[in-house]
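By convention here, the first residue in the shown sequence is residue 1. Since this is a predicted model, take the numbers as computed values, not measurements.
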Amino acid sequence: MKKILSIFITILFFIDCYSAYAQNTHSATLVRASSQYFTAANSASLSITGDLTVEMWVKFATVPAGANETRVFAGDGDVSGASHGPWFFLWKRVSSVNKLSVYVNSGSVQSTVEVNWTPIVSTWYHVAFTYSTAGKIKFYVDGVQQGADQTVSPTSLVDAVEVWHFGSYFVSGYFDHFFDGEIDDIRAWSVVRTVTEINDNKCVIINSASNLRGSWHLDNGLTDASGNNNTLTNVNSATITTSVPPCATAPILTSPTATSITSTGATLGANITSNGGASITARGTCWGTSANPTTNCVAEGGTVTGIFTQARTGLQAGTIIYYRGYATNSVGTSYSADGTFTTLNIPTVTTQAITNIAATTATGNGNVSADGGTTITERGVCWNTSATPTTANSKATSTGTTGAFTASMTGLSIGSLYYVRAYAINSVGVSYGNDVTFTTLNIPTVTTPTAISITTNSATLGANITSDGGAAITARGTCWGTSANPSTNCIAEGGTATGVFTKPRTGLPAGTLIYYRGYATNNVGTGYSADGTFTTVTPATVNWNNSNVQEITLDANRSFSFTNGKSGGLYTLIIKQDGTGGWTVTWSSNIKWAGGITPILSTTANAVDLIRFVFDGTNFLGNGITLDIK
């Protein structure tokens with residue numbers, strides 16, 4: 001064969017017990033007490049002087065104590081006693097420490113390398129070692145490297161002419177150090193196999209393959225499945241049994257990942273660190289809204305181990321998503337641990353009450369309590385004169401992202417009702433807060449002008465302030481003039497409250513149509529009531545020297561006064577309404593009435609009333625009234 005390489009193995013590692021076996025149906029049982037082992041004759045295919053990988057399944061029935069060694073493999077073993085070949089020891093004790101060991105002989109240079117490893121009896125292990133011409137040796141148990149890379153001096157192996165041995169070691173003319181247990185699926189390669197190749201194929205049947213020099217399944221026979229015809233010889237009747245390694249498991253996945261998260265999608269992935277010893281038939285990701293999701297599982301398409309990612313859609317916005325990777329082989333489906341993330345969402349916004357309300361300006365207030373998982377690009381308030389305003393209506397922005405904020409609203413109409421909403425925008429979209437309303441300040445509202453106690457040059461004027469316009473009243477009063485909408489002769493009444501008020505006014509022209517209105521002022525401006533009108537009384541002087549009987553036709557309101565009466569004289573006044581009627585009469589203070597009650601004269605059109613007076617030298621005393629003479 002060709003190398004002088006030996007492996008001494010000690011087992012410190014325990015792996016999971018598997019549930020299925022994906023290789024064959026038989027293995028070989030070797031009994032130390034019966035000195036049983038297998039040999040393979042020297043051949044060109046087994047003459048390996050460069051890169052080398054040897055792997056097999058083993059199960060210890062016993063582990064020798066003391067300094068004893070158990071050999072499972074010896075390549076180009078020393079039949080002649082002239083040289084040592086490469087030995088693969090499954091157990092070696094050095095100072096009571098169990099080890100894996102390889103001895104390499106290039107003819108002139110020898111090296112031994114070892115790592116700690118302790119086997120458990122009645123447990124199947126897949127063991128392997130690799131040798132490279134760079135002088136590197138690696139040990140593997142169950143697809144996991146044991147210890148660090150080991151360095152040896154020889155960079156090539158001796159090609160001796162002896163046979164390969166499995167289960168024993170020949171030295172100094174006899175076989176020794178027999179293995180006590182079971183072996184299965186022995187493979188020899190003229191290449192350094194990677195940890196992935198070793199791990200992913202330890203439970204897969206391999207026959208002819210590139211660089212495969214020997215493959216013994218021991219499946220109820222000793223033939224070489226590699227096609228190189230290196231049939232084994234069974235020495236001392238080792239038995240073939242139906243005991244096989246409990247090999248394959250479901251795949252192993254780790255490291256769930258989530259990137260490129262949006263409101264409804266994300267790129268999910270995981271890492272398949274082992275195919276479980278059987279080929280991957282599907283891999284992908286699952287997601288849900290609770291832990292350990294088995295819903296929304298979609299295959300990614302690949303069937304190899306390693307890291308994979310997959311774009312997923314259809315997620316709910318603003319939701320905590322549980323996700324994990326999965327992989328399936330002939331044993332079943334396994335999952336990675338859960339990962340979680342929250343999909344992006346529109347921001348969370350509330351609207352607060354409006355402050356600093358004026359006639360045409362106000363301050364909007366809002367709060368962005370959550371950005372939805374991505375940066376706020378704009379925030380502010382929007383408003384309109386109808387409900388649910390949007391940014392397509394009027395808006396004002398505010399700097400910043402999350403938290404409370406203010407925004408100045410300008411260009412408002414006086415005395416108008418506005419609907420306002422806070423808003424915030426991120427890459428997902430725009431979010432609005434609740435509607436709030438406010439009314440801009442206005443001038444006061446004044447109604448119902450009144451005029452009473454009208455005389456020739458005075459009247460008591462008033463109005464009703466029904467609203468202060470949202471701001472305190474600073475003045476209220478009345479105005480009068482001889483044309484509509486008077487803004488002259490305006491005098492404050494003195495009060496500053498809303499409601500009805502009156503104000504006596506003097507200095508009016510007699511017998512004149514008067515326009516008047518109430519007003520009220522706040523810090524926005526002055527509001528007026530509608531106009532009211534009345535006509536001041538026209539004076540009428542009766543000179544009794546002209547006649548004791550006099551007549552007057554009313555075509556306006558009149559204020560009568562009497563002059564030149566003689567004490568004891570009797571006087572008669574005939575008062576007629578013109579064709580319009582409705583005119584009233586007031587009397588001077590020296591005209592007295594019985595009981596102090598002024599008579600109510602007829603006001604119908606063309607009505608005629610007759611009144612008699614007696615003058616006592618000071619006052620004219622009414623002593624007879626005849627109304628509505630026909």
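- No side-chain N or O of N426 forms a donor-acceptor pair with one of T374 less than 3.5 Å apart.
- A search for side chain to side chain donor-acceptor pair (under 3.5 Å) contacts involving T281 returns nothing, not counting sequence neighbours.
- In this model, a donor atom of one side chain and an acceptor atom of the other lie less than 3.5 Å apart for N356 and T363.
- A 4.5 Å side-chain heavy-atom check between Y432 and P389 finds every atom pair outside the cut-off.
- In this structure, the side chain of N199 does not engage the main chain of V195 through any donor-acceptor pair within 3.5 Å.
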Evaluation steps, side chain to side chain contact (heavy atoms under 4.5 Å, CB included), between Q577 and T604: CA-CA 7 Å; Q577 294 281 340; T604 58; 5.9 Å; no

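- For the disulfide bond (SG atoms under 2.5 Å apart) condition, the pairs that include at least one residue of residues 292-359, sequence neighbours left out, are C286-C297.
- Within the 4.5 Å cutoff, the side chain of N434 has heavy atoms near those of the T350 side chain.
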Side chain to side chain contact (heavy atoms under 4.5 Å, CB included) between L554 and V585, worked out: CA-CA 9 Å; L554 300 178; V585 172; 3.6 Å; yes

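- Within 6.0 Å of CD1 on I629 lie more than 12 heavy atoms contributed by other residues, nucleotides or ligands.
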Residue pair N557, T584: steps toward the side chain to side chain donor-acceptor pair (under 3.5 Å) verdict: CA-CA 5 Å; N557 297 327; T584 61; 3.1 Å; yes

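- Pairs passing the ring-ring contact (aromatic ring centres under 6.0 Å, His included) check and including a residue from residues 290-327, sequence neighbours excluded, read Y323-F341.
- Residues G511 and T538 approach most closely at CA-OG1, 3.3 Å, considering heavy atoms.
- A heavy-atom distance below 4.5 Å is found between the side chains of V298 and R312.
- Within the 3.5 Å criterion, the main-chain N or O of A422 finds a donor-acceptor partner in the side chain of T351.
- Taking 4.5 Å as the limit, some side-chain heavy atom of V420 sits within range of a side-chain heavy atom of F438.
- For the ring-ring contact (aromatic ring centres under 6.0 Å, His included) condition, the pairs that include at least one residue of residues 573-612, sequence neighbours left out, are F560-W587, W587-W593, W593-F613.
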Considering only distance and modelled atom types, tabulate donor-acceptor pairs under 3.5 Å from the side chains of residues 393-403, sequence neighbours left out.
| unit_1 | atom_1 | unit_2 | atom_2 | d |
| --- | --- | --- | --- | --- |
| N393 | OD1 | T390 | N | 3.0 |
| K395 | NZ | E378 | OE2 | 2.9 |
| S398 | OG | T406 | O | 3.1 |

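- Within the structure, no pair that satisfies the ring-ring contact (aromatic ring centres under 6.0 Å, His included) test touches residues 442-484, not counting sequence neighbours.
- Note that CG of D555 is 9.0 Å distant from OG1 of T580, once rounded to the nearest 0.5 Å.
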Chi angles and distances behind the side chain to side chain contact (heavy atoms under 4.5 Å, CB included) call for M409, I354: CA-CA 10 Å; M409 297 182 287; I354 307 303; 3.9 Å; yes

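- No side-chain donor-acceptor contact under 3.5 Å links R517 to the backbone of P449.
- Legend: side-chain hydrogen bond (donor to acceptor under 3.5 Å, both in side chains) pairs involving residues 524-534, not counting sequence neighbours, sorted by first then second residue: T521-T526.
- Of all heavy-atom pairs spanning I414 and L441, the tightest one is CG1-O, 3.1 Å.
- Here the shortest heavy-atom pairing between R612 and T626 reads NH1-OG1, 4.3 Å.
- Checking N464 against T466 by side-chain atom types alone, no donor-acceptor pair falls below 3.5 Å.
- For T482, the side chain to side chain donor-acceptor pair (under 3.5 Å) criterion is met by no residue, not counting sequence neighbours.
- You'll find the side chain of R283 reaches within 4.5 Å of the side chain of V304, heavy atoms only.
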Return all side-chain donor-acceptor pairs below 3.5 angstrom for residues 497-509, not counting sequence neighbours, or 'none' if the list is empty.
| unit_1 | atom_1 | unit_2 | atom_2 | d |
| --- | --- | --- | --- | --- |
| R505 | NH1 | T478 | O | 3.0 |
| R505 | NH1 | T478 | OG1 | 3.1 |
| R505 | NH1 | N489 | O | 3.0 |
| R505 | NH2 | N489 | O | 2.9 |

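- Between the CD1 atom of I346 and the CD1 atom of I376 there is a distance of 10.0 Å, given to the nearest 0.5 Å.
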Test side chain to side chain donor-acceptor pair (under 3.5 Å) applied to S561 and T541, step by step: CA-CA 5 Å; S561 62; T541 300; 3.3 Å; yes

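- Counting only distance, with no hydrogens or angles, the side chain of S467 and the backbone of G469 share a donor-acceptor pair below 3.5 Å.
- Applying the side-chain hydrogen bond (donor to acceptor under 3.5 Å, both in side chains) test to every pair with at least one member in residues 438-448, sequence neighbours left out, gives no pairs at all.
- Nearest approach of D468 to N522, heavy atoms of both residues: O-ND2, 2.8 Å.
- Side chain of N329 to main chain of V331: a donor-acceptor pair is present (N/O by atom type, distance under 3.5 Å, no hydrogens or angles).
- Side-chain atoms of T456 and T536, non-hydrogen and from C-beta on, never get closer than 4.5 Å to each other.
- Within a 6.0 Å radius of CD1 in I552, other residues, nucleotides and ligands contribute more than 12 heavy atoms.
- Note that the CD1 atom of I625 and the CG atom of L573 stand 11.0 Å from one another [nearest 0.5 Å].
- Taking N365 as the reference, T355 meet the side chain to side chain donor-acceptor pair (under 3.5 Å) condition, with sequence neighbours excluded.
- The CD1 atom of I591 lies 9.5 Å from the OG1 atom of T598; values are rounded to the nearest 0.5 Å.
- The side-chain heavy atoms of D435 and R421, taken from C-beta on, include a pair separated by under 4.5 Å.
- Put simply, CG on L601 and CG on D609 are 5.0 Å apart, with the number rounded to the nearest 0.5 Å.
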Evaluation steps, side chain to side chain contact (heavy atoms under 4.5 Å, CB included), between T618 and N590: CA-CA 7 Å; T618 301; N590 65 342; 6.0 Å; no

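- Judged as a disulfide bond (SG atoms under 2.5 Å apart), not a single pair has a partner in residues 491-543 (not counting sequence neighbours).
- Atom CD1 of I320 sits in a sparse spot, with 12 or fewer heavy atoms from other residues, nucleotides or ligands closer than 6.0 Å.
- Residues H126 and I198 are in side-chain contact: their nearest non-hydrogen atoms beyond the backbone lie under 4.5 Å apart.
- For the pair A510 and P539, the tightest heavy-atom approach, listed with the atom from each and the gap, is CB-CD, 3.9 Å.
- In this structure, a donor-acceptor pair under 3.5 Å is absent between the side chains of N367 and S369.
- Closest of all the heavy-atom pairs between P251 and I272 is CB-CG2, 4.4 Å.
- Using modelled atom types, one side-chain atom of S274 and one backbone atom of G276 make a donor-acceptor pair closer than 3.5 Å.
- T377 places a side-chain N or O within donor-acceptor distance of the main-chain N or O of I425, the cut-off being under 3.5 Å.
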